[in-house]
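Right, one structure below, let's go through it.
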Amino acid sequence: MSKNSAKDKAKNATANKTIALNKRARHEYHIEERFEAGLALQGWEVKSIRAGRGNIVDAYAYVKSGEIYLIGAQITPLIQASTHVVANDRRERKLLLHRREIDKLVGKVERDGYTIVPTAMYWSKNKIKLEVALAKGKQTHDKRDAAKDRDWAIEKQRAMRRGNRDA
């Protein structure tokens, strides 16, 4: 009996690794390079994220005095977890990266006009990680081209399925 429950817990742990996705980032930006960053969080924030209250859709990262901070990410506090703390759900949170990665990101942002956009928040070995990407903003015609390509790929798949049924 205990072996099955341990297996079920392991399956649930691997299935629920993703906390939040930023699907809008792929639509709004050309993604160049991705980095894995840790997040400096408070205890109530971790509890809220475990309860599924994290949102990174409106978030972005910026450089401040040689360090990178995440702003706009919303972590809604749980009522029972944040009774003794004044909880700010959209406070800036420090991203934990290696110095080499920070220097690379700072250089690209300041010299080449890139933006640092969070694309996913997930669990990795009981730690909350944030995938950030170096991105350039898309213009309107780029977004239309991407939508056209996506529609064409879907139509192609449908045609392939119809062709397999006829044969």
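Between Arg162 and Glu155, at least one side-chain nitrogen of the basic residue sits less than 4.0 Å from a carboxylate oxygen of the acidic one, meeting the salt-bridge criterion. Remark: Glu32 does not engage Lys136 in a salt bridge, criterion side-chain N to carboxylate O under 4.0 Å.
To the nearest 0.5 Å, atoms CD (Glu28) and NZ (Lys23) are separated by 15.0 Å. Within the model, atoms OG of Ser124 and CD of Glu131 stand 11.5 Å from one another, a figure rounded to the nearest 0.5 Å. The CD1 atom of Ile116 sits 12.0 Å away from the NZ atom of Lys108 when rounded to the nearest 0.5 Å. The line from CE of Met121 to CG of Leu130 is 5.5 Å long, rounded to the nearest 0.5 Å. Note that NZ of Lys17 and NZ of Lys125 are 9.0 Å apart. Values are rounded to the nearest 0.5 Å. How far NZ of Lys129 is from CZ of Phe35: 15.0 Å, rounded to the nearest 0.5 Å.
Using a 4.5 Å heavy-atom threshold, the side chains of Ile71 and Tyr60 count as touching. At a threshold of 4.5 Å between non-hydrogen side-chain atoms, the residues Tyr29 and Arg24 do not count as touching. Two residues are said to be in side-chain contact when any heavy atoms from C-beta on lie closer than 4.5 Å; Gln42 and Arg93 fail this criterion. Using a 4.5 Å heavy-atom threshold, the side chains of Ile68 and Tyr62 count as separate. Val109 is not listed as a side-chain neighbour of Thr115, based on a closest heavy-atom distance of 4.5 Å or more. In this structure the side chain of Leu41 reaches within 4.5 angstrom of the side chain of Ile75, judged on heavy atoms. Using a 4.5 Å heavy-atom cutoff, the side chains of Ile128 and Glu45 are not in contact. Contact check for Trp123 versus Ile19: side-chain heavy atoms found under the 4.5 Å cut-off.
What you find for Ile102 and Gly66 is that their closest heavy atoms are CG2-O, 3.5 Å. In this structure, Ser48 and Pro77 approach most closely via the heavy-atom pair OG-CA, 3.5 Å. Considering all non-hydrogen atoms of both residues, Pro118 and Ala59 come closest at CD-O, 3.4 Å.
Checking Glu36 against Tyr122 by side-chain atom types alone, a donor-acceptor pair falls below 3.5 Å.
No side-chain donor-acceptor contact under 3.5 Å links Glu67 to the backbone of Lys64. Put simply, the side chain of Arg90 gets close to the backbone of Gly72: a donor and an acceptor are under 3.5 Å apart.
A single hydrophobic cluster is not seen to contain both Leu97 and Ile31; linkage of ILVMFWY side chains at heavy-atom distances under 4.5 Å, directly or through other members, places them apart. Linking ILVMFWY residues whenever their side-chain heavy atoms come closer than 4.5 Å, directly or via other members, leaves Tyr114 and Tyr69 in distinct clusters. Linking Ile, Leu, Val, Met, Phe, Trp and Tyr whenever their side-chain heavy atoms come within less than 4.5 Å leaves Ile49 and Val57 in two separate clusters.
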Query raised in the report: Would Gln74 and Asp58 count as a side-chain contact (heavy atoms from CB on, under 4.5 Å) if you check the C-alpha gap in whole Å, the side-chain angles of each, and the deciding distance to 0.1 Å?
Result: CA-CA 8 Å; Gln74 182 178 10; Asp58 295 329; over 6 Å; no
Report task. Go through Leu78 and Arg53 one step at a time and tell me if the side-chain contact (heavy atoms from CB on, under 4.5 Å) criterion holds. Result -> CA-CA 9 Å; Leu78 295 172; Arg53 294 181 170 227; 3.4 Å; yes
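Partner Val117 forms a side chain to side chain contact (heavy atoms under 4.5 Å, CB included) with one of Ile56, Val132, Asn22 and no other, that one being Asn22.
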